[in-house]
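Please read the structure below before turning to the comments.
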Amino acid sequence: METQVSNGPSGTSLPNGPVISTNGSTDDSKTNLIVNYLPQNMTQEEFKSLFGSIGEIESCKLVRDKITGQSLGYGFVNYVDPNDADKAINTLNGLKLQTKTIKVSYARPSSASIRDANLYVSGLPKTMSQKDMEQLFSQYGRIITSRILVDQVTAGISRGVGFIRFDKRNEAEEAIKGLNGQKPLGAAEPITVKFANNPSQKTGQALLTQLYQTAARRYTGPLHHQTQRFSMIPSLGKGPDPNNSSKPILDNLLNASYGIKSSPTLFPRFSPITIDSMTSLAGVNLTGPTGAGWCIFVYNLSPEADESVLWQLFGPFGAVTNVKVIRDFTTNKCKGFGFVTMTNYDEAAMAIASLNGYRLGDRVLQVSFKTSKQHKA
DNA sequence: TCATATT
């Protein structure tokens with residue numbers, strides 16, 4: 001990272017404290033993370049809960065549109081300890097939350113020169129891959145991220161348009177000068193390269209559409225998402241990543257934590273009967289939504305289990321507001337169970353139906369709504 | 001003619 005440069009060569013490291021540079025600014029290059037591709041409906045509290053499960057947070061912020069208040073889908077987390085920042089990248093990068101796969105990486109030092117460095121490219125040959133496009137643009141500077149949009153129905157055919165984000169705005173400017181109107185070698189048509197629209201300057205129509213979709217998700221539940229949601233399950237930890245970059249999730253975690261690979265074949269298949277029986281069963285002694293949501297009891301976790309495991313397991317099913325692993329006070333090992341709070345009933349029911357009986361490492365999980373112990377007279 | 005990456 002070039003972060004040392006901006007803070008000068010003579011930063012001073014204080015014992016157990018932040019690195020203070022000679023100009024008085026703190027060097028947070030080892031503690032400050034940027035988190036991208038967050039679900040639209042994730043709140044600041046959920047964001048903090050997720051990243052707070054790793055270690056003590058100095059500060060964190062979910063970035064929202066100044067006008068509409070809508071989440072812009074990214075945020076920042078600054079840890080107290082650089083080791084926790086590293087741990088957050090290793091355990092949470094690539095985490096699947098609802099339809100997204102989040103990305104966790106070190107934040108570059110904030111500066112005007114890295115803003116508005118995002119390009120929109122159209123007229124690309126349909127055969128051009130993301131790698132091809134990066135190769136074409138990389139001569140103009142360091143590429144932070146790139147994407148080629150693909151057709152939804154024909155699953156994966158390039159639409160011939162994409163995005164390239166450079167590290168610096170001037171690099172993007174040079175790329176426009178050098179590539180706009182040019183034919184990539186062998187291409188029949190020239191490409192168009194221009195600055196991409198800013199997320200804030202969305203049309204009123206697009207905003208309304210987005211608001212409607214958000215509301216529809218919240219109130220009608222995930223019924224028409226079932227296929228999509230369930231198709232994710234066997235791919236927990238593998239399968240193509242719709243968002244880019246990131247690596248396998250659950251299998252990675254399992255390999256790292258337990259040295260065991262989960263068996264997708266043991267995963268219970270979707271069955272309306274399972275859902276119905278589970279739901280009616282749950283209805284008998286259900287406590288109902290306690291406070292912020294529906295509390296789920298997860299049993300047969302390993303002694304090594306931590307909060308990130310619960311995020312991994314439940315995140316893909318919907319809005320998770322909180323997770324907790326119950327530990328022995330003296331050994332700090334998991335006592336074999338934990339709790340997950342989910343906002344929406346049907347998403348919680350879906351998670352339970354799917355994860356009850358799921359083999360995590362060498363254990364079979366028992367997952368259910370938390371029952372009331374008080375009224376068992 | 002566009003998914004979201006700099007507080």
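This one's a predicted model, so the numbers in the text were calculated from it and none came from an experiment. In what follows, every chain begins at residue 1, and chains take the letters A, B, ... in the order their sequences are listed.
- Distance CG (A:Leu38) to P (B:dT4): 12 Å, rounded to an integer number of Å.
- Put simply, CG on A:Asp65 is 14 Å from C1' on B:dT7, counting in whole angstrom units.
- The distance between atom CG of A:Leu72 and atom P of B:dT6, rounded to the nearest whole Å, is 9 Å.
- One interatomic measurement links the two molecules: CZ of A:Arg64 to C1' of B:dT6, which rounds to 17 Å at whole-angstrom precision.
- Whole-Å rounding puts the A:Arg165 CZ to B:dT4 C1' distance at 7 Å.
- When atom types are taken as modelled, the side chain of A:Tyr120 and the backbone of A:Val161 share no donor-acceptor pair closer than 3.5 angstrom.
- Which of B:dT6, B:dA3, B:dA5 sits closest to the side chain of A:Ala107 comes down to B:dT6.
- Contact annotation: A:Lys100 side-chain N/O to B:dT4 OP1/OP2 distance is under 4.0 Å.
- A residue-by-residue look at A:Lys194 and A:Ser110 shows that A:Lys194 has its nearest nucleotide of DNA chain B further toward the 5' end.
- Checked options A:Phe297, A:Tyr299, A:Phe314; the residue passing with A:Val367 is A:Phe314 (criterion: side chain to side chain contact (heavy atoms under 4.5 Å, CB included)).
- A:Glu307 is linked by a side-chain hydrogen bond (donor to acceptor under 3.5 Å, both in side chains) to A:Arg327, counting only residues two or more places apart in sequence or in another chain.
- Side chain of A:Asn118, nearest nucleotide from B:dA3, B:dT7, B:dA5: B:dA3.
- When distances are taken from the side chain of A:Arg147 to each of B:dT4, B:dT6, B:dA5, the shortest belongs to B:dT4.
- The CZ-P distance, from A:Phe195 to B:dA5, rounds to 17 Å in whole Å.
- Rounded to whole Å, atom C1' of B:dT7 lies 11 Å from atom CD of A:Gln44.
- Between the side chain of A:Asn32 and the base of B:dT7, at least one donor-acceptor pair of N or O atoms lies under 3.5 Å.
- Residue side chain A:Arg108 reaches the base of B:dT6 through a donor-acceptor N/O pair under 3.5 Å, judged by distance alone.
- Between the side chain of A:Asn36 and the base of B:dA3, no donor-acceptor pair under 3.5 Å is found.
- Contact between the side-chain N/O atoms of A:Tyr37 and the OP1/OP2 oxygens of B:dA5 is found at a separation under 4.0 Å.
- Distance A:Gln70 CD to B:dT4 P: 14 Å, rounded to the nearest Å.
- At the heavy-atom level, A:Phe76 lies under 4.0 Å from base atoms of the strands shown.
- Salt bridge status for A:Lys131 with A:Glu134: absent, with no side-chain N to carboxylate O gap under 4.0 Å.
- Here the side chain of A:Ile114 is nearest to one of B:dT7, B:dT4, B:dT6, namely B:dT6.
- Qualifying side-chain hydrogen bond (donor to acceptor under 3.5 Å, both in side chains) partners for A:Lys333, counting only residues two or more places apart in sequence or in other chains: A:Glu304.
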